[in-house]
Amino acid sequence: MKKEIVRIEGLRKSIHGSQVLNGLNLSVYEGEILGMTGLSGSGKSVVAEILSGSRSFEEGEICLAKSRSGPGTGRKRNRNGAENGIFHIRSAPNLFPCLTIEENICLMEPGIGPGFFFPTRMQLRKVREAAHSLEIGWDEKASVSSLSLYEKHQISLLRAWYLHAKLLIIDNITNDYTEEEFRKLGQLLLKLRQKKVSILLIESMPERVTSFTDRLVILRNGRDEGILFREEYHQYDINKIMSGDYNLPGAVKREEVRQEQKVLMSVSQIHGKGLQGLSFYLNQGEVVGFTDEEDALCTDVWRLFQGNARIESGVVLLDGERIHMKIGREALIRLGFGYVDFYKNSIFPQLSLRDNLTITSLDRLTAKAMINTRLEKRVVQDLLESLHFSDENLKKPLGEISNREQLIAALYKWILNRSRVVVLNNVLSGTDMIMRNIVEQFLNELRRREMGALLFSPNTRELYELCDRIYRIQKGRVEDEIVVGERRGS
Amino acid sequence: MERDWKKETEFINRNTILAFAGNAGFSALYFVLLIWIGRAGKGIWLFGMTGLYLLAEAVFCAAYLKLLRGPLNQMAEAVKRASQDEYEAQNLRSQAEIFALQSQINPHFLYNTLDTIRSHALLCDATDIAAMTESLSTLFRYSISRPGEMATLKEELDNVRNYLLIQQYRFPDKVEYIVEGAEDETILNYQMPILTIQPIVENAIHHGLEMKIGKGHIKLRAIRTEDRITLMISDNGLGMSEEKLACLRQRLDGMQDRQKEYAGTGKRKRGGIALANVDRRLKFYYGQQYGLKVRSTLGVGTMVEINLPFEIKKGEE
């Protein structure tokens, strides 16, 4: 007999007038890892927020082991998620950097009043026991701010376990993980499952959610449209259930780089903090990635292109002209660089799609201190037409419309800006298969326009999928150069 | 629903008693004051007191009616729903009677004839025909001779096997049938309305697997929790388009005009009748929170989830 930890029936929720959840049903059993995936906007995170009590719902019923919220209609909230043993682990860890790791773990313990010692010896002993049972260790002197993202998530999971979690909702936290960190997370979740903790693992990348889940719920248009058991996991079926009647988006064919392309940017003998003679080049119409076994995000190289690295010597040429890399990001944008980080952080959610697209190119659209709105409209319309994208949401605040439009705004504003080199940092983070195609189409557009792109990602496979060439960095210098086409051929 | 009704009635009773007691006390006080004023000879006060009394009564009545409006409305709604359900139940019963009259062939005659065919087939060494006839006979015995009865899950599963045996001869090596999670005695002995599973399996073959190129499968998974049994019947057939699925869900949710459908005046849409019928029967037996849920994707397959209540008896686990 299985024990049901949570049962959701007919859950409905609308946000900004659009139906986000449309009669969702879901059961989570004790000691199982239940995966949840779906296209962007299918309602995955809203389910997590409703279960943890941070969002209300309009219709439906949530039955927990102890209590029940609903049924009927009207605004309802599943209060006291944590009291019922439901913990929501988000991508941005909910930890206080000014406190120690142990203090962070004990802080949320109910019934703690003002006392002379915090945490008490008893609490410290319990924290260490909990950490030992999950085989988690940390440096006692380390502060929270010095931990990596994975380690912070590990501490959040430990805190939930320490506070007697029954259901852990892990909401898209692995976007910035390396493969190794993801594997470690899997091992930790399997240990928690052994201790009869139920886990709801929400992921937008289906290939990740299938790795160690027992069952998979696939959402489409705010409803559970598929439940697959482990032996039924087939990538085609998962993708098809996610997209429904629509045809599966085909793979975007990569534009071939012409052999006789000119060098767009060259970097030679850069010495500085973490860089020891870094040299490489970027051709026109080329996408180049960086990988480092010790630091998956190649932080030092990335920092160099942010314009805030400490450089001692070396030369960077862009279109044959020498540029100073210490001048800051804003000045680099003026010189022809463009930047895309996680797409949600690369937009202005209060501004419209049109304003977001043209914000970087206002200099060109301004005549006599006045913005030429007719030209602005025309430019945006032409762009959206070339992308076969509808312009119905052009005037709405970008934060209220779909994630796909947000991604388009984050990427294509640099094309309108006519940037020469676009620096993309973990751009596939939080994207679904359709959004991935948008990124690939954008890279093809860069190739066609003979622009260049530098790609940073903790996921090496993504680099091989998107780049034309990859530089392998070791100890601050290029150790090896991999031409992706040749590698595929071999 | 019955519990809600009880709660509303208790609420109305309690408040009515309180209101009448309060009102009686207030009136008594008024009359005592009236007598006192009469004795004191202050006639002008009589007008003021009476006006005050009438105003207080009016405020009291308005408040009382406002208090009871919600529960009374809910009660009226419950009565309306109950009478509608009763009407539907009556329609279902009369429909069943019509079907019973239509199949007035003596079932024993049918079984005897099938047995005779089976014997002849065995004499002619036609073992396939014998097996098919036996399955058909068992299938008829199960579905015709026990209308409206309850059956155990084991009997239901055996009935599905008999049905699939016949289908096996129609479409050799077309359908693989897999049962998971139904090894537990408690689950196998669980009582449910007869012919709950077979119509769903029949639907899976007819709409999903018959037209599919190559071999398909039907999987039945049973999951038992503390308070319910969930049976998941999934196939990897053709699946349904989103539009068709929405139509079927509307039918299951009772969005379409059921009464017309029962009375036979509405046009019957093809497809989904069997599922809607099973769902309706389960909802009648167990309540609105149980019944069927359907998930389907074109080109992937369909999953029908049957939700049934389960009570752990004393002494059991």
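Lettering follows sequence order; numbering is per chain, from 1.
- Summarising the geometry of B:Asp227 relative to A:Glu4, their closest heavy-atom pair is OD1-OE1, 4.1 Å, with the distance given to 0.1 Å.
- Here the OG1 atom belonging to B:Thr186 is positioned 9.5 Å from the CE atom belonging to A:Met1, to the nearest 0.5 angstrom.
- Heavy atoms of other residues, nucleotides or ligands lying less than 6.0 angstrom from NZ of A:Lys195 number more than 12.
- Using a 4.5 Å cut-off between non-hydrogen atoms, the part of residues 229-237 of chain A that approaches chain B consists of A:Phe229, A:Glu231, A:Glu232, A:Tyr236, A:Asp237.
- By a heavy-atom distance cut of under 4.5 Å, A:Asn25, A:Tyr29 are the residues of residues 15-31 of chain A near chain B, going up by number.
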Carefully, step by step, assess A:Lys2 and B:Glu226 under the rule salt bridge (Lys or Arg N to Asp or Glu O under 4.0 Å).
CA-CA 7 Å; A:Lys2 291 190 177 185; B:Glu226 285 163 327; over 6 Å; no
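- Contacts between B:Ile223 and chain A at a heavy-atom distance below 4.5 Å involve the side chain alone, from C-beta outward.
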In sequence, state the C-alpha distance, the side-chain angles, and the governing distance for A:Arg7 and B:Thr225, and then conclude on side-chain hydrogen bond (donor to acceptor under 3.5 Å, both in side chains).
CA-CA 11 Å; A:Arg7 185 170 71 236; B:Thr225 64; 5.5 Å; no
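- What you find for B:Met303 and A:Ile227 is that their closest heavy atoms are CE-O, 3.5 Å.
- When each of B:Met232, B:Arg221, B:Lys219 is scored by its heavy-atom pairs under 4.5 Å with chain A, the top score falls to B:Arg221.
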Do A:Arg220 and B:Arg295 pass the side-chain contact (heavy atoms from CB on, under 4.5 Å) test, and can you show the C-alpha distance, the side-chain angles, and the key distance before you say yes or no?
CA-CA 11 Å; A:Arg220 186 173 73 223; B:Arg295 301 179 183 94; over 6 Å; no
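- Using a 4.5 Å cut-off between heavy atoms, B:Glu243 touches chain A through its backbone atoms (N, CA, C, O) alone.
- Contact of B:Ile187 with chain A is not made at all, since no heavy-atom distance falls under 4.5 Å.
- Of the atoms belonging to A:Asp224, heavy atoms from both backbone and side chain fall under 4.5 Å from chain B.
- Interface residue B:Ser296: only backbone heavy atoms are found under 4.5 Å from chain A.
- Contacts between A:Glu225 and chain B at a heavy-atom distance below 4.5 Å involve backbone atoms as well as side-chain atoms.
- Between B:Glu242 and A:Asn221, the closest side-chain pair of non-hydrogen atoms falls below 4.5 Å.
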